[in-house]
Each structure stands twice: as structure tokens, then as C-alpha cells.
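Only one structure is covered here, and it is reproduced in the block below.
These figures come from a predicted structure and were not determined experimentally.
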Amino acid sequence: MSEMTHNHGRSETEDAFRITPTLLLVYLLAVPVVLGLISGINESGSARMVSKEAYIMRYIFRGLLSWWTTILATYVVAVALRPWKPHFLLVLVFGPLINIFVNAPLSLIWQPLFEPYLAEGSQFFPLWPWRFGDPVYLKESLLALLTNEIVWVSFNVIFWRAFSVRLYGFTPPSPRQSTPAERPENETALNLPVVAASSPFMDRLPKDIGTNIIVLEAQEHYTKVQTNLGTAMVLYRFGDAVKEMARHSGMQVHRSFWVNTSAIESVDKTGRTYELTMTGGGKVPVSRSYKVKIDEMGLGDTSGPSPLK
């Protein structure tokens with residue numbers, strides 16, 4: 001993010017990585033429920049249940065309890081270790097490690113609930129009280145810890161990096177942008193008109209991506225900017241950004257996309273739909289309401305030589 005301002009003690013960059021209500025529901029409910037379904041369907045564990053449905057309900061209920069207590073344990077660790085600025089992965093590892101001690105007393109809640117559904121002659125492995133001096137108990141605890149560590153760390157890293165969610169006070173890294181030295185020579189020398197930084201929106205662009213804009217894309221309250229030097233997310237309404245780009249060589253082709261017409265490499269026409277191939281290889285859809293603009297410019301005519309070349 002190029003611009004940092006403070007709003008009630010929180011920066012705009014931090015706001016960019018806040019979890020959405022949908023992702024929050026997925027994180028709190030969907031993930032543990034799906035994991036429980038998988039374990040229940042596979043009839044995991046040594047205790048035999050009377051039916052597949054009993055397996056599923058047991059693992060969903062136990063999974064939710066364990067997932068939520070691991071969230072709480074990880075949060076406590078993150079707060080406690082904050083003065084030492086630990087790595088995000090270190091904090092994640094501590095969550096299941098602490099939770100393994102919590103799981104034992106939690107068994108006093110879920111095991112009695114599902115004892116009526118045990119198959120005849122089967123019983124739950126007793127988790128409480130702790131018996132780490134017992135080799136069998138210690139083995140089961142270590143196996144459970146290893147499994148929980150892999151699942152917990154993997155899913156949190158996915159949310160943190162792939163979905164750019166700020167977790168436990170840790171802001172995810174911005175997508176890595178290649179440096180000029182890493183780009184092919186023809187990519188750094190694209191013949192695009194320089195768009196002068198003469199508006200509030202242009203002033204917010206990071207200096208390292210320049211002002212040769214290829215595509216603008218709406219991303220909720222942000223606008224994703226693609227130039228010949230890289231990409232960046234800018235806290236700016238897409239509609240306002242498009243209005244400021246009216247003086248430049250470009251047009252809106254979709255409710256979520258604005259393109260630099262000088263950077264259109266080709267127009268792919270399939271039936272009545274168009275798709276633009278932009279400089280650098282990116283694809284941009286053209287919605288029906290904007291297709292007439294393409295036709296008026298002659299860009300949609302594929303019967304003869306391309307008007308873009």
C-alpha cells in the first residue's frame with residue numbers, strides 16, 4: 001500500500017487485511033466442520049460407534065471445541081510474546097501445543113455425550129487425568145499433537161497468505177513484486193504512454209510501480225493497479241479512480257475493469273462475448289453493456305488485420 005493514514009489508531013494497511021464476515025465464518029465454522037466430516041466419514045479412531053452419523057456428529061462436535069480452544073490459546077500466546085516480536089509460524093506452533101493440555105479436561109464434556117452411541121464392547125480412550133508417564137498415553141498425545149500441528153499451521157498459513165487475512169496481530173506480506181532486474185528486457189521497455197501523476201488517485205501509487213497504468217480492477221474498497229512495472233492495491237474507490245482517469249487514454253470495459261486502450265494487444269471474440277488480452281499477457285473481460293465501445297473503436301472487428309497493430 002502506498003498511502004498510510006491513521007483512523008482511530010489503525011492504519012489503512014491494517015484495514016486492508018481485516019477478515020471479512022464470510023472468511024470469519026469459514027475460519028470459525030466451515031474449516032472445523034469439514035475436518036470433522038472427513039474424520040467421521042472415515043470412521044477415524046479406536047472407539048467404535050453404532051453408526052456413521054454418530055461418528056460424524058462426534059468429530060464435528062469435538063473438532064469445533066478443539067478448534068476454538070486452539071484459537072484462544074494461539075491468541076494468548078501472540079499477546080504474551082508480542083514484546084519479543086516472534087515469527088508468525090512460531091506463534092502458530094504454540095497453539096496446538098498448549099491445546100493438547102486443554103483437550104484432556106474437554107473430554108469430560110464430549111465423551112459422556114457420545115458414550116450412548118458407542119458400539120457394544122467399545123470405549124473411549126481416557127484422556128483425563130493427564131498420564132504422560134504412561135507410554136501409551138504419551139504416544140497417543142504425540143500423534144494427536146503432530147496431526148493438529150500440521151492441520152492448524154497449514155490452514156492458518158493459507159488464510160494468512162492466500163486470502164491476505166491479518167491473524168493474531170500479524171499482517172500478511174504483500175504480494176512480491178519483481179524488480180526491474182528480474183524482468184525480461186522487453187517487459188521493462190513497454191511502449192505505453194506515461195500517465196501524469198496529476199490527481200489524488202495517481203498520487204497514491206507506489207513509486208516502484210510507476211504510472212504506466214495497464215489495468216485498474218475493483219477490489220471491494222480498493223483498486224488493484226497493474227502497470228508495466230508491477231501491481232499494487234490502493235485504498236481508493238474504483239469508481240472515483242475511473243472518473244479521474246477520464247482524461248487519459250483508456251476506458252471502462254466492465255463494472256470492475258478499466259483498461260489503457262494503448263495496452264490492448266488483442267480482442268478475443270467468442271460469439272457475442274469479448275475478452276481483451278493486455279500488454280504483459282493479462283486477460284480482461286468485456287461486459288455486454290460496454291461491448292458497444294469496443295465495436296465503435298473497431299477493436300471488435302476480427303475479419304481483417306487487427307486495428308491494434
Check your understanding: What is the ring orientation for Phe155 with Trp67, classed by angle as parallel under 30°, tilted 30 to 60°, or perpendicular over 60°?
Key -> perpendicular
Review point. Taking it one step at a time, do Val284 and His254 satisfy side chain to side chain contact (heavy atoms under 4.5 Å, CB included)?
Key: CA-CA 8 Å; Val284 174; His254 187 278; 5.5 Å; no
Check your understanding: Can Tyr168 and Arg82 be counted as having a side-chain donor-acceptor contact under 3.5 angstrom?
Key -> no
**Study point:** Arg237 atom CZ, over 12 foreign heavy atoms within 6.0 Å
**Key:** no
Review point. Do Val50 and Glu120 have side-chain heavy atoms sitting under 4.5 Å apart?
Key: no
Check your understanding: Taking the side chain as C-beta and beyond, is there a heavy-atom pair between Arg255 and Ser287 under 4.5 Å?
Key -> no
Practice item. Using a cut-off of 6.0 Å, state whether more than 12 heavy atoms not belonging to Gln123 lie near its atom CD. Key: no
Point to revise | Stepwise side chain to side chain contact (heavy atoms under 4.5 Å, CB included) test for Glu275 and Val267 | key: CA-CA 6 Å; Glu275 185 179 60; Val267 179; over 6 Å; no
Check your understanding: From Thr227 OG1 over to Ile209 CD1, what is the distance, rounded to the nearest 0.5 angstrom?
Key -> 4.5 Å
**Study point:** Asp134 side-chain N/O to Val136 backbone N/O, donor-acceptor pair under 3.5 Å
**Key:** yes
Check your understanding: So do the side chains of Glu43 and Met49 get within less than 4.5 Å of each other, counting heavy atoms only?
Key -> no
Check your understanding: Side-chain contact, heavy-atom cut-off 4.5 Å: Val253 with Trp258?
Key -> no
Check your understanding: Do Val151 and Leu35 have side chains that get closer than 4.5 Å, going by heavy atoms?
Key -> yes
Quiz: residues 89-101 side-chain donor-acceptor pairs under 3.5 angstrom, not counting sequence neighbours:
| unit_1 | atom_1 | unit_2 | atom_2 | d |
| --- | --- | --- | --- | --- |
| Asn99 | OD1 | Thr69 | OG1 | 2.5 |
| Asn99 | ND2 | Ser66 | O | 3.4 |
| Asn99 | ND2 | Ser66 | OG | 3.2 |
| Asn99 | ND2 | Thr70 | OG1 | 3.0 |

Review point. Side-chain contact, heavy-atom cut-off 4.5 Å: Ile264 with Thr277?
Key: no
Revision key, fill the gap. Separation between CD1 (Ile60) and CG (Leu37), nearest 0.5 Å, reads 4.0 Å
Point to revise | Heavy-atom side-chain contact between Val225 and Leu205 under 4.5 Å | key: yes
Check your understanding: Run the side chain to side chain contact (heavy atoms under 4.5 Å, CB included) check on Met278 and Lys283 step by step: do they pass?
Key -> CA-CA 6 Å; Met278 307 301 297; Lys283 303 287 187 179; over 6 Å; no
Check your understanding: Going from CG on Asn156 to OG1 on Thr74, what distance comes out if it is rounded to the nearest 0.5 angstrom?
Key -> 7.0 Å
**Study point:** salt bridge (charged side-chain N to carboxylate O under 4.0 Å, His left out) partners of residues 53-75, not counting sequence neighbours, each pair once
**Key:** none
Check your understanding: Ser39 side chain to Gly36 main-chain N or O, any donor-acceptor pair under 3.5 Å?
Key -> no
Exercise for review: Verify whether one side chain among Lys224 and Thr231 offers a donor that lies under 3.5 Å from an acceptor in the other.
Suggested key: no
**Study point:** Point-to-point distance, once rounded to the nearest 0.5 Å, from OH of Tyr290 to CD of Gln252
**Key:** 3.5 Å
**Study point:** Distance flag, aromatic centroids of Trp160 and Phe88, threshold under 6.0 Å
**Key:** yes
Point to revise | Shortest non-hydrogen contact between Met57 and Phe114, atoms and distance | key: O-CZ, 3.6 Å
Check your understanding: In terms of side-chain heavy atoms, does Ser256 have a donor or acceptor partner in Glu217 at a distance below 3.5 Å?
Key -> no
Point to revise | Minimum heavy-atom distance Leu113-Tyr117, with the two atoms named | key: O-CE1, 3.8 Å
Practice item. Indicate yes or no for a side-chain donor-acceptor contact from Ser122 to the backbone of Arg48 under 3.5 Å, with no hydrogens or angles considered. Key: yes
Check your understanding: Going through the checks in order, is the side chain to side chain contact (heavy atoms under 4.5 Å, CB included) test met by Leu216 and Phe238?
Key -> CA-CA 8 Å; Leu216 299 180; Phe238 175 74; 4.0 Å; yes
Check your understanding: According to a 4.5 Å side-chain heavy-atom criterion applied to Ile, Leu, Val, Met, Phe, Trp and Tyr, with indirect links allowed, do Leu127 and Leu146 form part of one hydrophobic cluster?
Key -> no
Exercise for review: Provide the closest heavy-atom pair for His87 versus Phe170 in the form atom of the first, atom of the second, distance.
Suggested key: C-CE2, 4.1 Å
**Study point:** Ser266 side chain reached by Asp268 side chain, heavy atoms, under 4.5 Å
**Key:** yes
**Study point:** Parallel, tilted or perpendicular, as decided by the 30° and 60° cut-offs, for the rings of Phe132 and Tyr137
**Key:** perpendicular
Point to revise | Distance under 6.0 Å and angle within 45° of ring axis: Lys291 vs Tyr274 | key: yes
Review point. More than 12 non-hydrogen atoms from neighbouring residues, nucleotides or ligands closer than 6.0 Å to NZ on Lys243, yes or no?
Key: no
Check your understanding: Are Phe159 and Tyr27 close enough that their ring centres sit under 6.0 Å apart?
Key -> yes
Point to revise | Atom pair CG/CE of Asn260 and Met245 - distance to nearest 0.5 Å | key: 7.5 Å
Exercise for review: Using ring-ring contact (aromatic ring centres under 6.0 Å, His included) as the criterion, point out the one residue from Phe124, Trp130, Phe125 that pairs with Trp128.
Suggested key: Trp130
